[in-house]
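First the structure, in the form of structure tokens, and then the observations on it.
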Amino acid sequence: MPKPRMIDPAPVSLAEKIIARAAGAARVSPGDIVTVKVDLAMAHDSSGPRRWRPKLEALGVGLWDPSRVVIVSDHYVPAVDEASAAILKDVRAFVRDYGVGHFFDMRGISHIVMPEHGLLRPGMLVAGGDSHSPNGGAFGCFIAGFGATDMAAIAATGETWLSVPATRRIEWSGMFAQGVSAKDIMLFLAREIGTENHNLVLEYAGPTVKAMSMDERMTLCNMAAELGADTAIIEPDATTLDHITAHGGTADASMLSHWRSDPGTDYEAVFKYDASALEPQVAAPHYPGNAAPASEYSATPIDQAYIGACVGAKHEDLEMAAAVLKGRKVRDGVRLLISPATTRTTERATTSGLLATLTAAGAILLPSGCGACAGMGHGLLADGETCISTTNRNFKGRMGHKGASVYLASPYTVAASAVAGEIVDPREYL
Amino acid sequence: MTDRPSRAWAFGDNIDTDVLAPGRLMKLSPEELARHCLEAVNPEFAQSVRPGDIVVAGRNFGLGSSREQAAVSLRILGVKAVLAKSFARIFFRNAINLGLPAIVFDETDAVSDGDEVELDRRRQRLLNRSRNASFELPPQAPAIAQILDAGGLVPLLERRLKREA
């Protein structure tokens, strides 16, 4: 009788590998509904404690594992009135009462604060109480956004259900032209593949992505939210591990061989693009998919330029703005507002001299946090005003009055438009 | 048995969470916030919607933020169900978790704003009385039907934890 032959298991994508591990299953396939154990759960001051506490009290339970819970106050910061002050006070009380393991009070935007503290590692399954949680997929983890009830249930049990998404691979090759960046890729993709990439994980790959810093990779993953994907992911490499260890996390080279998509993975689709052909992009109101080359919107007058948000105010985003603003002035009648993504971003930009370049050009500094991008804090728009912004969404009424217009663009394009007083292609300024 | 007729409120594609629950108003109480639900696209909606009415929409309903208030507002206004050609993932989960049926339905174009409709979720039937047309709705995954039948995720979890205790 012939011996049974070992059959090579069918190759699986990185996302499927992580979900299978978290589900305690040998493998999972797209469309399966599985229960997964969560390695880390994050929530912020808007969606977290004030929504969790009544639910946990109704259930009569505490946190399943306080050491795996991250709370970040980044929405109502700093308090601007009694209501926001009360929300922030309640967050602090919750953290104390429930013994939350990781708390960042007004230190910046959650999606950037977490990797700044080495909390995201390849192979983890992370639940984030915010739609831009896919940002962390840059670190090779499966991280998706959830609403408050889902997150409260996760906080109570450490578990949730997932419908396993299929993986769509998006490969970029070629070098960017000067003045083009990861943000332009995402605005381009919002038009090219649309905003309904439902039940999909976007796996970014290719030489262009390999050459990117973690800041730029986060930009790619962040806006998977706008593309309607469950999340995004990038296979970890030396750049990933270096960033994690430099920020106090633990990582080692063995992660690289395991946490990757198997050779021969049967992707839902593979799309290939050439980064060297990409022009700076601008998305017109009120929808991120309304993207086109910046030149198509040139000469649109602006009232405000905004450099902020998880997607658009990391250290390298500020560097891009400074490359344009060095030795130039913001146009009279235009206000350029800059809200660095985290307080560490501000600290680093102070030490490097970057902030002096920005403020010399006339930029006005705002506190770190979600701010105007989420319709909160400072820098909201009046009826009829126009803003060009490094943020990720330009829905009607998001940044203030519903009669305001928001154009989305890269830090290069926003900074150049602030100087010109109207939307411009930034390549003329570099 | 079918439920009493509901008015259908029709919306287009890409109804986002900022028009469902504007960020700048998120400090308001849920009841106050609900009064602004969808005002940017239909100022009449939150003023005139009645308990039991249903919302029908095009593609990608609920895209954007994870804010649960988008679904909470519809619930507070008494919306009985949202039928759309497709839903953004987080909104869909939020709605189900709150016990608000979010039902994928390809033929929402067959329902106009103001139509009188009858929805029977369990029997997967939609009757448009105004057009005298009847539709079969797709079945919901057992995991989702279970949450809806319990009245939401928290009541379901409450029962589970009691059982385990």
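In this text the structure is predicted, and so the values were computed from the model without any measurement.
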Using heavy-atom distances under 4.5 Å, tell me whether A/R393 contacts chain B through its side chain, its backbone, both, or neither.
side chain
Identify which part of B/F87 has an atom lying under 4.5 Å from any heavy atom of chain A, answering side chain, backbone, both or neither.
backbone
Can you say whether B/A143 sits under 4.5 Å from chain A via the side chain, the backbone, both, or neither, judging by heavy atoms?
side chain
Can you confirm whether more than 12 heavy atoms, excluding those of A/H378, are under 6.0 Å from its NE2 atom?
no
Which heavy-atom pair separates B/E158 from A/A58 by the least distance, and what is that distance?
OE2-O, 3.6 Å
Using a 4.5 Å heavy-atom cutoff, which residues in residues 9-20 of chain B come close to chain A?
B/N14, B/D16, B/D18, B/V19
Contact winner vs chain B - A/V61, A/T149, A/T157, heavy-atom pairs under 4.5 Å
A/T149
Check salt bridge (charged side-chain N to carboxylate O under 4.0 Å, His left out) between B/E32 and all other residues, then give those that pass, not counting sequence neighbours.
none
Which heavy atom of B/K27 sits nearest a heavy atom of A/Y76, and at what distance?
CG-CE2, 3.3 Å
Anything in residues 59-76 of chain B with a heavy-atom distance to chain A below 4.5 Å? Please list those residues in order.
B/R59, B/N60, B/L63, B/G64, B/S65, B/S66, B/R67, B/E68, B/Q69
If you round to the nearest 0.5 Å, how far is CZ of B/R24 from NZ of A/K402?
7.5 Å
Does a side-chain heavy-atom distance below 4.5 Å link B/R93 with A/T160?
yes
At a 4.5 Å cut-off on heavy atoms, which part of A/E82 comes close to chain B: side chain, backbone, both, or neither?
neither
Compare all side-chain heavy atoms of A/W161 with those of B/I147 and state whether any distance is below 4.5 angstrom.
yes
Show the nearest heavy-atom pair for residues B/L153 and A/A153, with the distance to one decimal.
CD2-CB, 3.6 Å
For chain B, which of A/T195, A/L380, A/I87 has the most heavy-atom pairs under 4.5 Å?
A/T195
Portion of B/L156 that has a non-hydrogen atom of chain A nearer than 4.5 angstrom:
neither
Quick one: OG on A/S163 to CD1 on B/I144, what's the gap to the nearest 0.5 Å?
7.5 Å
Relative to chain A, which of B/G23, B/P142, B/P22 shows the most heavy atom pairs under 4.5 Å?
B/G23
Heavy-atom cut-off 4.5 Å, strictly under: side chain, backbone, both or neither for B/L25 against chain A?
neither
Applying side chain to side chain donor-acceptor pair (under 3.5 Å) to B/D106 and not counting sequence neighbours gives none
Which bit of A/N199 comes within less than 4.5 Å of chain B, counting heavy atoms only: side chain, backbone, both or neither?
neither
Can you establish whether the number of heavy atoms outside A/K37 located under 6.0 Å from its atom NZ is more than 12?
no
Using side-chain heavy atoms (C-beta onward) and a distance below 4.5 Å, is A/L200 in contact with B/R89?
no
Is B/R160 close to A/L59 at the side-chain level, that is, under 4.5 Å between some pair of heavy atoms?
no
Residue part contacting chain A, namely of B/I90, when any heavy atom lies under 4.5 Å:
side chain
